[in-house]
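Mind looking over this structure? Questions follow.
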Amino acid sequence: AHEPPLFSLLAGDPALAPMLEGSAQTVAEVAERIATGDHAMALESARALVAARPGDSSSWTLLAVALRKAERYDESERAFARSLALRPSQNTWHSRITARIERGDYAGARQLITPLLQANPNDLLTLTRLAEVEMYSGHHAEAERLYRRLAEELGSATDYINLGVSLFFQGRYQEAKTAWERATELARRMVTQFGMSPGVGPVALENGEGGYPGGGFRLTRGFSEETA
């Protein structure tokens, strides 16, 4: 997951709350249409919101995200630029980074990441974005270094999964297996903590034949097809 839910991204910023009054339903509709893949209707609603509130930076961010999901990246960049010109926002900046990563513009994403890290070298969200760039750029050793730090400081299953991937692509299969097992352990603990039914259970990585080189793994689920 590259970003928080769209409405949360916008409404989570107290400075944007007054701008969203009266438009919350439209924002929710656009977010739902993006989530369901109805990009044409999402764009239509987002454009209408911008037309009604052309000086509202959050409306431009909403349009930029809708355009990004529709893979209209150049238009999305222009909408992000307009939003940031109206009101600089770290949320919008990070969403723009995500857009560049999604289109494969890793150099462009790095350009946006660099000033954020210069201002705050220990910002974990920015470091997560940088780790993604390094991974997708094929710089697996650097990605490993970043994901190790993130795993140590955040301890999330996602970071251990990505750490495992970076190790796997360096041919360090046993270390990758260990990282993925740690991710499974954390996911299982989270499921237990939040009280999911034991009949479902988390996805797990187990030893299997014919999987990846160096031993192989397969995904297993703690529920039957009937339960699913």
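These numbers were taken from a predicted model, which means no experiment stands behind them.
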Check your understanding: Which distance, rounded to the nearest 0.5 Å, do you find between the OG of Ser57 and the CG of Asn91?
Key ->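 So the OG of Ser57 and the CG of Asn91 are separated by 10.5 Å.
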Point to revise | Lys/Arg N to Asp/Glu carboxylate O, Asp159 vs Arg182, below 4.0 Å | key: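 Looking at Asp159 and Arg182, the cut-off is not met.
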Exercise for review: Kindly work out whether a path of hydrophobic side-chain contacts (I/L/V/M/F/W/Y, heavy atoms less than 4.5 Å apart) joins Leu67 to Leu49.
Suggested key: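 No, because Leu67 and Leu49 fall into different hydrophobic clusters, even though each may have its own neighbours under 4.5 Å.
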Check your understanding: Hey, does Thr178 have a side-chain heavy atom less than 4.5 Å from the side chain of Gln174?
Key ->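 With C-beta onward as the side chain, the pair touches.
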Point to revise | Cluster overlap Met135 with Phe168, hydrophobic side-chain contacts below 4.5 Å | key: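 Yes; Phe168 is reachable from Met135 via cluster members.
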Exercise for review: Verify the cluster assignment for Leu150 and Val165: are they in a single hydrophobic cluster under the rule of side-chain heavy atoms below 4.5 Å apart?
Suggested key: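 Yes; Val165 is reachable from Leu150 via cluster members.
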Practice item. Look only at the side chain of Thr184 and the backbone of Trp180, and say whether a donor-acceptor pair between them is shorter than 3.5 Å. Key: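 Answer holds: yes.
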**Study point:** Step-by-step side chain to side chain contact (heavy atoms under 4.5 Å, CB included) determination, Thr126 to Ile113
**Key:** CA-CA 7 Å; Thr126 306; Ile113 289 169; 3.8 Å; yes
Practice item. Begin from the C-alpha positions of Arg96 and Leu84 and carry the test side chain to side chain contact (heavy atoms under 4.5 Å, CB included) through to its verdict. Key: CA-CA 10 Å; Arg96 194 179 191 184; Leu84 289 165; 3.7 Å; yes
Review point. Less than 4.0 Å between a side-chain N and a carboxylate O, is that true for Glu144 and Arg172?
Key: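 Answer for the salt bridge query: yes.
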**Study point:** Hydrophobic cluster identity match, Leu116 and Leu130, side-chain contacts under 4.5 Å
**Key:**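 Looking at the clustering, Leu130 is in the same group as Leu116.
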Check your understanding: Under 4.0 Å between a Lys/Arg side-chain N and an Asp/Glu carboxylate O for Glu152 and Arg149?
Key ->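 Answer for the salt bridge query: no.
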Check your understanding: If every non-hydrogen atom of Ala176 is compared with every non-hydrogen atom of Gly164, which pair is closest and at what distance?
Key ->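 Closest heavy-atom pair between Ala176 and Gly164: CB-O, 3.3 Å.
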**Study point:** Flag side-chain contact, heavy atom, 4.5 Å: Trp60 against Arg78
**Key:**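 The answer is no; the side chains never approach within 4.5 Å.
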Check your understanding: Distance from Leu146 atom CG to Glu134 atom CD, nearest 0.5 Å?
Key ->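 Rounded to the nearest 0.5 Å, the CG-CD separation comes out at 6.5 Å.
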Review point. Short question: side chain of Ser166, backbone of Leu163 - any donor-acceptor pair under 3.5 Å?
Key: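 Judged by distance alone, yes, a pair lies under 3.5 Å.
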Practice item. State the CD-CD distance between Glu44 and Glu29, to the nearest 0.5 angstrom. Key: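 The CD atom of Glu29 is 11.0 Å from CD of Glu44, to the nearest 0.5 Å.
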Check your understanding: How are the rings of His140 and Phe169 set relative to one another: parallel (under 30°), tilted (30 to 60°) or perpendicular (over 60°)?
Key ->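 Parallel: the ring planes of His140 and Phe169 meet at under 30°.
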Check your understanding: Below 4.0 angstrom, N of the basic side chain to O of the carboxylate: do Arg188 and Glu185 qualify?
Key ->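 Salt bridge flag = no for Glu185 with Arg188.
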Practice item. Identify the two heavy atoms, one from Val50 and one from Ser59, that lie closest to each other, and give their separation to 0.1 Å. Key: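 Scanning both residues completely, I find the closest heavy atoms to be CG2-O, 3.4 Å.
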**Study point:** Residue of the set Ser89, Ser95, Pro88 for which side-chain contact (heavy atoms from CB on, under 4.5 Å) holds with Thr92
**Key:**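 Among Ser89, Ser95, Pro88, the one meeting side-chain contact (heavy atoms from CB on, under 4.5 Å) with Thr92 is Ser89.
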Practice item. Verify the neighbour count for atom CD of Glu75: are there more than 12 heavy atoms of other residues, nucleotides or ligands below 6.0 Å? Key: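 Atom CD in Glu75 is crowded, with more than 12 foreign heavy atoms closer than 6.0 Å.
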Check your understanding: Any ion pair linking Arg110 and Glu142 (charged N to carboxylate O, less than 4.0 Å)?
Key ->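 Looking at Arg110 together with Glu142, the answer is no, because their closest N to O distance does not fall below 4.0 Å.
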Exercise for review: Drop me the distance from Thr128's OG1 to His94's NE2, to the nearest 0.5 angstrom.
Suggested key: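 Between atom OG1 of Thr128 and atom NE2 of His94 there are 9.0 Å.
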**Study point:** Leu186 to Ala157 - nearest heavy-atom pair and separation
**Key:**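 Closest approach of Leu186 to Ala157, heavy atoms only: CD1-N, 4.0 Å.
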**Study point:** Under-4.0 Å salt bridge between Lys177 and Glu181
**Key:**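 Looking at Glu181 together with Lys177, the answer is yes, because their closest N to O distance falls below 4.0 Å.
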Exercise for review: May I ask you to decide if Gly108's main-chain N or O and Arg100's side chain share a donor-acceptor pair within less than 3.5 Å?
Suggested key: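 Yes, the answer is positive, given that a donor and an acceptor are paired below the 3.5 Å cut-off.
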Exercise for review: Determine whether more than 12 heavy atoms belonging to other residues, nucleotides or ligands lie under 6.0 Å from atom OH of Tyr73.
Suggested key: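 Buried by this count: over 12 neighbours within 6.0 Å.
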Practice item. Report yes if the side chains of Arg148 and Leu167 come closer than 4.5 Å at any heavy-atom pair, otherwise no. Key: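 Answer yes - side chains close enough.
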Check your understanding: If you round to the nearest 0.5 Å, how far is CZ of Arg53 from CG of Leu62?
Key ->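 Reported value, rounded in 0.5 Å steps: 11.0 Å.
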Check your understanding: Roughly how far, to the nearest 0.5 Å, is OG1 of Thr61 from CZ of Phe80?
Key ->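 So the CZ of Phe80 and the OG1 of Thr61 are separated by 6.5 Å.
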Practice item. Look at the side-chain heavy atoms of Ile, Leu, Val, Met, Phe, Trp and Tyr, link any pair under 4.5 Å apart, and say whether Ile97 and Leu63 land in one connected group. Key: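 The answer is no; the residues belong to distinct hydrophobic clusters.
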Exercise for review: Please report the closest heavy-atom contact between Trp93 and Leu112, naming both atoms and the distance.
Suggested key: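 Trp93 and Leu112 have their closest heavy atoms at NE1-O, 2.9 Å.
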Exercise for review: Kindly give the heavy-atom pair with the smallest separation between Ala131 and Tyr147, and that separation in Å.
Suggested key: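 Of all heavy-atom pairs spanning Ala131 and Tyr147, the closest is CB-CZ, 3.5 Å.
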Check your understanding: What are the two closest heavy atoms between Ser45 and Val30, and how far apart are they?
Key ->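 That closest heavy-atom pairing would be CB-CG2, 3.4 Å.
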Exercise for review: Compare all side-chain heavy atoms of Leu124 with those of Leu154 and state whether any distance is below 4.5 angstrom.
Suggested key: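 Yes, side chains in contact.
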